[in-house]
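Model, not experiment: these values are computed from the prediction. Residue numbering restarts at 1 for every chain, and letters A, B, ... go by the order of the sequence lines.
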Number of protein chains: 2
Amino acid sequence: MSRKTAYDVSLPKGESLYERDEICPIIYALDIIGGKWKLPILWHLADQEAVRYNELKRGVTGITNMMLTKCLRELEENGLVVRVQYPEVPPRVEYSLTERGRELLPALNKLNVWGKEQIKYIRARGEESN
Amino acid sequence: MSRKTAYDVSLPKGESLYERDEICPIIYALDIIGGKWKLPILWHLADQEAVRYNELKRGVTGITNMMLTKCLRELEENGLVVRVQYPEVPPRVEYSLTERGRELLPALNKLNVWGKEQIKYIRARGEESN
DNA sequence: CGGCATCCTCCTGGATACTG
DNA sequence: CAGTATCCAGGAGGATGCCG
């Protein structure tokens, strides 16, 4: 989805979640962790110290080299992930979450709680229509 | 983005944010509020009691009838928004957040806080490279 | 006023093959 | 082992026009 213009959503002022005429931090955040693979990658990094490229690839089911590399680069650019390359043969590269990356986890956890409730809610709703 | 398979991300068990072999609540949540217009619409509904269709359209800058209608229908299906139609001429339709929709706001607020920090972080980083 | 139908474009992500 | 390069399909979203 293209976000060229949507950051500056104009709204009436007030105590809303964001400030007028600013880029929206939530949309900004979601762009960073958006797409099909960013979250799976982040989770896989979340419960380990450092993970090697192929280890990551095995962990994130179905991802291709292209997408894995691309996502890791983007996460790195945004400072959520660090890449450490060891000068060995065969090559070894390890990825891990930065402090900034870890700071995102509580927010995701909130979403997680809501999402679980939502799943229950939708299921209950589906059954009552049977 | 197609989520046909990505819900069931396989990960080593442990105290990670989600349970193995379950659909991931975070991805589920992000799918519901994802896309270009859902968040702008939700915010616009967040600080009002009830909003009429064209009022909403004026508030969410740049959205077309098609996208507005489509997004509202999807939000309604997921129980975040209610549509109330009044039997008048000319027709009047009002949209508002449900309780479930409001329960999402605290989670978004967390993301908002992180996003603001992230913006500062990225800006600082950009300047140090000048 | 509050939509829906149709057509079209572009961008994300997939498939496949190759390399230092 | 840890990636790149190239090509391609599908779907989200945009433009435009019509309707009860």
Side-chain angles (χ1 to χ4, degrees), chain A residues 1-7 9 27 30-42 44-45 48 50-78 81-96, chain B residues 1-7 9 27 30-42 44-45 48 50-78 81-96:
Chain A
M1 70 200 131
S2 94
R3 287 293 187 186
K4 279 157 208 148
T5 61
Y7 285 126
V9 201
I27 293 181
L30 291 189
D31 273 0
I32 290 175
I33 62 170
K36 190 170 177 177
W37 301 108
K38 299 277 177 66
L39 281 178
I41 290 171
L42 288 176
H44 203 84
L45 293 173
Q48 255 128 340
V51 186
R52 297 184 62 167
Y53 182 89
N54 275 320
E55 200 178 341
L56 205 43
K57 191 185 170 188
R58 261 173 272 119
V60 179
T61 321
I63 198 170
T64 62
N65 282 329
M66 269 229 13
M67 290 314 293
L68 180 52
T69 302
K70 183 161 174 285
C71 290
L72 285 170
R73 293 286 177 275
E74 289 170 10
L75 290 171
E76 202 188 350
E77 272 173 38
N78 284 302
V81 158
V82 271
R83 192 188 106 114
V84 181
Q85 180 168 359
Y86 297 90
E88 304 171 2
V89 184
R92 179 161 63 105
V93 178
E94 286 185 349
Y95 292 92
S96 50
Chain B
M1 68 198 131
S2 96
R3 288 291 187 187
K4 277 157 210 151
T5 60
Y7 285 126
V9 201
I27 293 181
L30 291 188
D31 273 2
I32 290 176
I33 61 169
K36 190 169 175 178
W37 301 108
K38 299 277 177 65
L39 281 178
I41 291 172
L42 288 176
H44 204 82
L45 293 174
Q48 255 127 341
V51 187
R52 298 185 63 166
Y53 182 90
N54 275 322
E55 200 179 342
L56 206 42
K57 192 185 170 190
R58 263 174 271 119
V60 180
T61 320
I63 197 170
T64 62
N65 282 329
M66 269 232 14
M67 291 313 294
L68 180 53
T69 303
K70 184 162 173 284
C71 290
L72 284 171
R73 293 288 176 273
E74 289 170 10
L75 290 171
E76 201 187 350
E77 273 173 37
N78 285 301
V81 159
V82 271
R83 191 188 107 112
V84 181
Q85 180 168 1
Y86 297 90
E88 305 172 1
V89 183
R92 179 162 62 107
V93 178
E94 287 185 347
Y95 293 91
S96 50

Residue-phosphate contact under 4.0 Å: A:Y95 side-chain N/O, D:dC1 OP1/OP2: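 Checking D:dC1 against A:Y95, no side-chain N or O comes under 4.0 Å of OP1 or OP2.
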
Gap between atom CZ of B:R58 and atom NE2 of B:H44 - 0.5 Å precision: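 It comes to 8.5 Å.
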
Phosphate OP1/OP2 of D:dG3: any A:R73 side-chain N/O under 4.0 Å: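 Result: yes.
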
Listed partners of A:V93 passing side chain to side chain contact (heavy atoms under 4.5 Å, CB included), at least two apart: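 In terms of side chain to side chain contact (heavy atoms under 4.5 Å, CB included), with neighbours along the sequence ignored, A:V93 is linked to A:R83, A:Q85, A:Y95.
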
Distance, rounded to the nearest Å, where A:L56 contributes CG and D:dG3 contributes C1':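 Atom-to-atom, A:L56 to D:dG3, this comes out as 13 Å.
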
d(CG, B:D31; C1', D:dA12) in whole Å: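 Distance check: B:D31 CG to D:dA12 C1' gives 13 Å.
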
Touch class at under 4.0 angstrom, heavy-atom based, for B:Y86 against every strand present: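 Counting heavy atoms under 4.0 Å across all strands, no contact is made by B:Y86.
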
Sub-4.5 Å side-chain heavy-atom contact between A:I41 and A:L75: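 Touching, per the 4.5 Å side-chain cut-off.
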
Angle by which the axis turns from one end of the helix from C:dC1-D:dG20 to C:dG20-D:dC1 to the other, five pairs per end, to 10 degrees: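 Axis-to-axis angle, ends of the helix: 50°.
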
Nearest-angstrom distance from the residue atom NZ of B:K70 to C1' of C:dT6: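 It works out to 15 Å between those atoms.
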
Any side-chain heavy-atom pair of A:I27 and B:P40 under 4.5 Å: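 A:I27 reaches B:P40 side chain to side chain.
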
Pairwise side-chain contact, A:L42 with A:I33, heavy-atom cut-off 4.5 Å (strictly under):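 Answer yes - side chains close enough.
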
Whole-Å gap separating P (C:dG3) and CE (B:M67):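 Interatomic distance, CE of B:M67 to P of C:dG3: 15 Å.
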
B:I63 CD1 to C:dG2 P, straight-line distance once rounded to whole Å: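 Rounded to the whole Å, the gap is 15 Å.
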
By side chain to side chain donor-acceptor pair (under 3.5 Å) - contacts of A:E74 (at least two apart):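 Once residues adjacent in sequence are excluded, the partners of A:E74 under the side chain to side chain donor-acceptor pair (under 3.5 Å) criterion are A:K38, A:K70.
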
side-chain N/O B:W37 vs D:dA12 OP1/OP2, d < 4.0 Å: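 Checking B:W37 against D:dA12: no side-chain N or O falls below 4.0 Å of OP1 or OP2.
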
Which residues share a side chain to side chain donor-acceptor pair (under 3.5 Å) with A:T69, sequence neighbours left out: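 Counting only residues at least two positions away or on another chain, A:T69 forms a side chain to side chain donor-acceptor pair (under 3.5 Å) with A:Y53.
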
Where protein sits on nucleotides 15-20 of chain D, one letter per nucleotide: B base, S sugar-phosphate only, - none, heavy atoms under 4.0 Å: B----B

Distance in angstrom units between B:L68 CG and D:dG14 P, rounded: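 Those two atoms, CG and P, are 12 Å apart.
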
Atom pair distance, as rounded to whole Å: CG in A:L72 and P in C:dG13: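 Atom CG in A:L72 sits about 14 Å away from atom P in C:dG13.
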
Phosphate OP1/OP2 of D:dA2 contacted by A:R52 side-chain N/O (<4.0 Å):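 Result: yes.
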
side-chain N/O B:R83 vs C:dG3 OP1/OP2, d < 4.0 Å: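 B:R83 to C:dG3 OP1/OP2: side-chain N or O found under 4.0 Å.
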
Shortest non-hydrogen contact between A:A50 and A:S96, atoms and distance: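 Closest pair (atom of A:A50, atom of A:S96, distance): CA-CB, 4.1 Å.
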
Atom-pair distance (OH on A:Y53; C1' on C:dG20), nearest Å: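 Distance check: A:Y53 OH to C:dG20 C1' gives 15 Å.
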
Heavy-atom side-chain proximity of B:Q48 to B:E55 below 4.5 angstrom: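 They are in side-chain contact.
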
Set of side chain to side chain contact (heavy atoms under 4.5 Å, CB included) partners for A:R92, sequence neighbours left out: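 Residues passing side chain to side chain contact (heavy atoms under 4.5 Å, CB included) with A:R92: A:R52, A:Y86, A:E88, A:E94.
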
Short side-chain N/O contact from B:K57 to OP1 or OP2 of C:dC1, under 4.0 Å: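 Negative; the distance criterion is not met.
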
